[in-house]
Protein chains: 6
Amino acid sequence: MRHLGPAFGPDITFLGVPRLDLGDPSQDAGVVILGAPFDGGTSYRAGARFGPSALRQACYMPHNGTRRSLALGVDALTELRVHDAGDLPCYSGEIEQSIQLIERSVRMTASSGAIPVVLGGDHTIALADMRGIAAHHGFGRIGMLHFDAHPDTGGEERGGPLYGHGKPMRQLIESGAVRGDRFIQFGLRGYWPGPETLRWMAERGMRSYEMSEIGARGLGACLTEAFGLAMDDCDGVFLSVDIDVVDPGHAPGTGTPEPGGLTARELLDAVRRAAYELPVVGLEVVEVAPPYDHADITAILGSRVVLEALSGIARRRLDTAEGRWDPAVPLLQRDLNR
Amino acid sequence: MRHLGPAFGPDITFLGVPRLDLGDPSQDAGVVILGAPFDGGTSYRAGARFGPSALRQACYMPHNGTRRSLALGVDALTELRVHDAGDLPCYSGEIEQSIQLIERSVRMTASSGAIPVVLGGDHTIALADMRGIAAHHGFGRIGMLHFDAHPDTGGEERGGPLYGHGKPMRQLIESGAVRGDRFIQFGLRGYWPGPETLRWMAERGMRSYEMSEIGARGLGACLTEAFGLAMDDCDGVFLSVDIDVVDPGHAPGTGTPEPGGLTARELLDAVRRAAYELPVVGLEVVEVAPPYDHADITAILGSRVVLEALSGIARRRLDTAEGRWDPAVPLLQRDLNR
Amino acid sequence: MRHLGPAFGPDITFLGVPRLDLGDPSQDAGVVILGAPFDGGTSYRAGARFGPSALRQACYMPHNGTRRSLALGVDALTELRVHDAGDLPCYSGEIEQSIQLIERSVRMTASSGAIPVVLGGDHTIALADMRGIAAHHGFGRIGMLHFDAHPDTGGEERGGPLYGHGKPMRQLIESGAVRGDRFIQFGLRGYWPGPETLRWMAERGMRSYEMSEIGARGLGACLTEAFGLAMDDCDGVFLSVDIDVVDPGHAPGTGTPEPGGLTARELLDAVRRAAYELPVVGLEVVEVAPPYDHADITAILGSRVVLEALSGIARRRLDTAEGRWDPAVPLLQRDLNR
Amino acid sequence: MRHLGPAFGPDITFLGVPRLDLGDPSQDAGVVILGAPFDGGTSYRAGARFGPSALRQACYMPHNGTRRSLALGVDALTELRVHDAGDLPCYSGEIEQSIQLIERSVRMTASSGAIPVVLGGDHTIALADMRGIAAHHGFGRIGMLHFDAHPDTGGEERGGPLYGHGKPMRQLIESGAVRGDRFIQFGLRGYWPGPETLRWMAERGMRSYEMSEIGARGLGACLTEAFGLAMDDCDGVFLSVDIDVVDPGHAPGTGTPEPGGLTARELLDAVRRAAYELPVVGLEVVEVAPPYDHADITAILGSRVVLEALSGIARRRLDTAEGRWDPAVPLLQRDLNR
Amino acid sequence: MRHLGPAFGPDITFLGVPRLDLGDPSQDAGVVILGAPFDGGTSYRAGARFGPSALRQACYMPHNGTRRSLALGVDALTELRVHDAGDLPCYSGEIEQSIQLIERSVRMTASSGAIPVVLGGDHTIALADMRGIAAHHGFGRIGMLHFDAHPDTGGEERGGPLYGHGKPMRQLIESGAVRGDRFIQFGLRGYWPGPETLRWMAERGMRSYEMSEIGARGLGACLTEAFGLAMDDCDGVFLSVDIDVVDPGHAPGTGTPEPGGLTARELLDAVRRAAYELPVVGLEVVEVAPPYDHADITAILGSRVVLEALSGIARRRLDTAEGRWDPAVPLLQRDLNR
Amino acid sequence: MRHLGPAFGPDITFLGVPRLDLGDPSQDAGVVILGAPFDGGTSYRAGARFGPSALRQACYMPHNGTRRSLALGVDALTELRVHDAGDLPCYSGEIEQSIQLIERSVRMTASSGAIPVVLGGDHTIALADMRGIAAHHGFGRIGMLHFDAHPDTGGEERGGPLYGHGKPMRQLIESGAVRGDRFIQFGLRGYWPGPETLRWMAERGMRSYEMSEIGARGLGACLTEAFGLAMDDCDGVFLSVDIDVVDPGHAPGTGTPEPGGLTARELLDAVRRAAYELPVVGLEVVEVAPPYDHADITAILGSRVVLEALSGIARRRLDTAEGRWDPAVPLLQRDLNR
């Protein structure tokens, strides 16, 4: 599979990292960016097809393929040898073909030894992303950390499309790609789904942190608890970040905004911590819908989610038991030579 | 009074709940939505006339008259038999007639045994809403929980219009509709009003939680204290939610935005808790001004305020002393069969 | 087929006209509005899925099912017994199923004796709309008047999706639904398609009025010429209006805006004239994409295109050879009792 | 009556012209700007209350009280001694009081010998503006040139508010302030009003140029014809410019946008020509609604309407029969020393 | 001078044309795109620094380095071997250095035999662009066709900055780079400059078509006249297109919008015609200011101005006296094999 | 130096405070507002040139020169005799001249005994502001409290402009105007600068509170610690507030938005507390960029930052050891007669 052209607009890479021909064995990429400009699975507002393009260029700094994290003191883009394979040729009207193509590409990436980072696109692609991961790492061997306002476990209702952004998590668990009891959700709220679906979720042993629980117990405590669950008898975790987990005030550019979410800061902290504390084997950032964005703030946030995750991964690899990152240490006293 | 047509745009109901002919005794509504598309009392930005229309349709889910709360496990729209009576024929240029019409409609609704939920419109309508409530429940018998950046107790200054969104609370207290010492305000901040008005407020025994107090003492503690005050020797509470209590970042679509407010999450939590812990006899959500909104985030927030309040009311009715809702319980372990 | 629920948002009808259960023979509709909230065929910006909802409610007047044309002195909504069948349950990810469903619905409508008016959705639906028309009126019996910045006759290139908004016109001509030499296009411009496609178009005898020809010869003269062509040995015409035929200044809310188009006034005049002078058997208004609109100006324009077409049809039916509408007659001297 | 403070925002004057205390006889103003920040008469979108503030400051050049017209070679602001009296203290909820106040202020201005220029506000104020003019110049002595998408002659329907922006022209004619047969309208279009109102208009002898007539006969010819009509046995004309006469593409910031209008250029040319060829005794620019504007283009257009009118008036005073302004003369050959 | 990196955002080329190292003699470019991301000379709204980036990517078609003009039947990007040298490293705070750098780059480009196309940036750069052109082609040997709402001939006033977007044309003429009597302006209007500057312009023999003259005489006639003037004893023309020559309705994204301008269609027609009829030696498109744009319509328009000019140049080279492009010929009868 | 005219738009003062002729000794201003409408130092989005104009008028209350703080019970505008000297005549293309002019004006203001409050403008002006302060108060005698997402200590890289908004803090420390170990930064985050710069910062003894430290330790504790540091052997502090310290959700209208910042409430609380607890000798509010703002929420926030700082200063002067402001005291029990 060759370097993939862009679906829309100019042929750019994520903040200027090198291009990659997907499947070229001579390239030694540690992380591969894949664009999935697909929004044919949205139940309401489309626009996430422009997510990959927006996420790649939403930054005020030079697009030179480097981004050293101030907090973590590491430039993950170079440290992890991040490459960008371009956009997968998804057509939003062809949902099944798109899912298959994405799944194949993610599996191929994982098999090459690289961590796939998929820029959505709507959340339908989680089905493809995680199936691709499981195909390589083994079914049921990877836990899932899912940040979202919605559980995306729909599907028992009659009628409606076969695939879509409201049901990939059910399909993942039913297929065995992910164990239900290693599927952790953060940020649920609002008015969906109904009791039938919730019962299904409970029966599979899912662990869903709804916002009122997060409010009552604290996000930090919930994360700590969840990290343990996700890694119990698993070999790694996949991070699935639906930008609508964040409150619409901080992330207006999304398809199904639900008030009362995390702040942008809480999401960035949580993603950084997860990536630093857990062995992350893949990441997707989905549902960034530029037509509904303002001043690019949602796209920039999505871009930062990618960078925080990568920086956490990179820092994790560098740190030792004695020399670990501690946010309570003042910035200018953190060991800059690490 | 017949079913009221829409003031603007199509003739729709709140998220698809059944229509109601106001005053038709054969209808058995537990909650009645009333639209008050009036913004003739705004001192700055108008636009709240489109609040009812926006609040009725700002939702990405099917408009099928059901909304089961994920947190509370109850579908208040059906549980409480919520109906929508349409828009009251207010003209923004005719402020006195509008207030009288709204007051009459609220009283008629309350007298029918239903809980009135008024979708504003600007905050001028609080005068009508609460007077209508008091006319039925008795003057001074209902406490007021008022979420707002501004106390809306103006009126001592000379000149200016007789009515408006800056003065209904004074007029309510002066008329005896609400006791000053059962009038609780949350979220005040900024640069209004002046000492004369504050002295008047203090003399009436009002309890106004300014944001620096909320910051210093914590919102939870303030709410607990306030709930006790509001119900002392009262038979119920009226919730008045001016969306500008929320920070403009989360609620830009409003007429007089004042930075430094609650987050959307804090408001939703507070409203849910109030509705669950106190006997709510009415609700108004005001000052949602769609022309200044972005991606409908303010309208969706306002819609969620209505739903959280209704869900809290419904949950309160279902719960018993032993079986009470506890946000610290994980979502999928909450009793779903309640 | 029952009354179709709305795809998105509240269940409304076009400016308040009566609802229709599609296929209920007891209803005597002269015109049937069909919503096709589908944008899975867009090659660039999506959002036209919200076109039907926006077109139905973009009007500042009461949504009471009447709209008397000032210019033509006729209320087409009542005169033509316009009904609205709601939205067809299209899913943007399922392009083939969507096309089939729309085609079936249009044919059923035409067979009932009513004129179908399809609110798009992206221009992919032209394939369904016109095939449905031809299935009833006979293949090759209906001429096509196509207003668009793009000919939408793509398809010879390899790769890419099978269906989409860039190719329906080719598929219509190849299938014989429309004769190539009765296919008239207005408003083409820009940088697409290439010579291969143009040659194909020329070989089919298409007549495409590119903007520089319209500029050189005048729109009026071109229309007169075209009207003759379209009706030569045909029984009627189908009007296909892609809102992007209008300059982006007047119609920003569309998916593939191409500068240098008609003014809004020119389009309204042309549509009115076509509907008045020719036997119109169907209409589609497509590519109104609300996320890119401002102050609803594109949606209102699309709504007016529908109304001008319907008003022209109604006026045509009322006028006699002696008493015909003449725009040069002052408004208040036009015969108001017609 | 003192200098009037601003209704909203800072206390500024139109492009920096001198302030005026309304009624101070010592001031020698030739033109007086009056702000009428009132939108309580709008039937749909409010926001015109910010029209005066936007019209005063929508310009990229220094706000120094001078604006020399490039086309006409005259600085009307100084030539005509334009002063700004500030905003009249209108409250949008108090429609009757507002009308009375505006009428009184316009009459007082006219009586002082100055030309009143009223910055709206919604079109309700035409009732006040023209009545104030007639009170000074004599009932029926001034013709009216009315640019608008709507005739604003409503009022026969039952119910609804007593005053509003849809009915001032009827009230003006019924009161005798303006003769029906000296009331000329340009730019009507769309779907309002109905036959009853049109019949009333015809009976009063009104002359309404609907857009299809303007299209068929040409704007220039219509203007020439109209100018003769308006001045027949009258002493002057009042220009009433509703910005919605312009197509929404050029003027999105308005309350009831109707597609198919004049271009901005056509309006500016028409206003300039009217002011140059006819004895203008007053002007109003209404329905500029900043909340719906984009990049201030509507406000700037409204500001230019004022300036073109004033420049035309000033040029008219300077020109002689032999030395008249001729647009066909190249700019740099026009007599610059006039 | 190497390939120049991008000033802002990703490193892209104009619609995907090949990159160019400025000054590399081995490259055989016929046209060179130069980005001048500079807006330090704006007197009002900045933002034109993002013009180059927006102009390069504002297109819904594949960014594949080809754009075949539908009207002219030629793909200028390949026909003319268009290359993109990237953005010149201008800093908006360093106006003098920026002008020098741009001038040097334009001269170098012209000297290489290529036609420079400069993407602004504010109009200050005209000084650099045309001086660079004159440095190669000879002072006074190239006529200037300047489309703009403003003459940009300021400079006699005291104070203010030395350089800026209001004065380059004066500096060009004073320096002798362009002869005053070969300097043709189209589209002037509004309220600037004053008589002193106009007198200066008249004395230099400039020919400035103000909008009222264009209205009175017709754009076509004015263009024909102007083309003759510009080429009288000159060897070529430079096209300077300030996007604000277009009405703000069609081009809101600019710094100093002046209502009453050309339509987008008129500008595209004029540019195409100029490029087809005259020997164009350079082009600049300036004052596209993305922060004030909506749905990218101004950027797309600017992109089309570049393409129309290039297509006209390419068509001119291909046509012979017998076989010339004629817009009155129907599109599908134009010779497609040329 | 006379009263300075406005750079853009009308000649207004901050919320209506009196004007001031800079340097007129007869005026007894306690605080002087200076506008620095300069954005020539921005590395990405410009627009902050309109910051002063926006900050002066972004308020829904009467612009009458008074603003009594609800929290602090003091009207700082009158209490501190705040005057507005207008805009300094900066041109964004002339960066060095602009810096010199601003520095001179700040020094002159400080020397007059007044506290300068500079409304930016981009952060380049910090160099001028603090140098002007130091020139009066003594080099190294004033500590700096710097709220920002970025340290603005760049400058070691080669190339690039000499001055700009990314480097003033380095230049201030290098010049000795501020001691590095009295330079306190709050809110840093993201991906800039690199290790070389951080090492330079550490070597100068700077104290930079990065967001992850603030999250881990709490903002209150960090502020307390920092206040002690800043005042150690210093005579006062200068507050430098870059609005981008706030999360883009609350402050979208800025040039280089970085997600994960403070909430608006946190910034207002921090500024109020700093001004109340420390001897503030000057303030700047920078990087408010209106073109990227929505519904003016960023401008209003910036305006409130100024007011909170001034209110804190005023309250500090009024309070005694026994009678100090305590936010935990309920609003209506705070001593209103202070």
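Heavy atoms only: backbone and side chains are in, while hydrogens, waters and symmetry mates are out. Letters go in sequence order (proteins before strands), and every chain restarts at 1.
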Specify the closest pair of heavy atoms between F/Pro193 and A/Arg68, including all atoms of both residues, with the distance to one decimal.
O-NH1, 4.3 Å

Closest heavy-atom pair, A/Leu331 versus F/Glu213, reported as atoms and distance to 0.1 Å, is N-OE1, 4.0 Å

Kindly compute the distance separating OH (F/Tyr191) from CG (A/Leu72), expressed to the nearest 0.5 Å.
7.5 Å

Among the options A/Ser69, A/Pro252, A/Ala251, pick out the one with the most heavy-atom pairs lying under 4.5 Å from chain F.
A/Ser69

What parts of residues 253-268 of chain F touch chain A if we use heavy atoms and a cut-off under 4.5 Å?
F/Thr256, F/Pro257, F/Glu258, F/Pro259, F/Gly260, F/Gly261, F/Leu262, F/Thr263, F/Glu266

I need the contact set between residues 270-277 of chain A and chain F: heavy-atom distance under 4.5 Å, sorted by residue number.
A/Arg272

Answer whether the closest heavy-atom distance between the side chains of A/Trp325 and F/Ser212 falls below 4.5 Å.
yes

Considering all heavy atoms of both residues, which atom of F/Leu198 and which atom of A/Leu332 are nearest to each other, and what is their separation?
O-CD2, 3.6 Å

Checking heavy-atom separations under 4.5 Å from chain A, one finds in residues 239-249 of chain F F/Asp247, F/Pro248, F/Gly249

At a 4.5 Å cut-off on heavy atoms, which part of F/Tyr44 comes close to chain A: side chain, backbone, both, or neither?
side chain

What parts of residues 290-305 of chain F touch chain A if we use heavy atoms and a cut-off under 4.5 Å?
F/Tyr292, F/Asp293, F/His294

Cut-off 4.5 Å, heavy atoms of chain A, and the answer for F/Met211 is side chain

Select one option (side chain, backbone, both, neither) describing which atoms of F/Arg189 are under 4.5 Å from chain A's heavy atoms.
backbone

With chain A, which of F/Met201, F/Arg45, F/Arg217, F/Met206 has the greatest number of heavy-atom pairs at distances under 4.5 Å?
F/Arg45

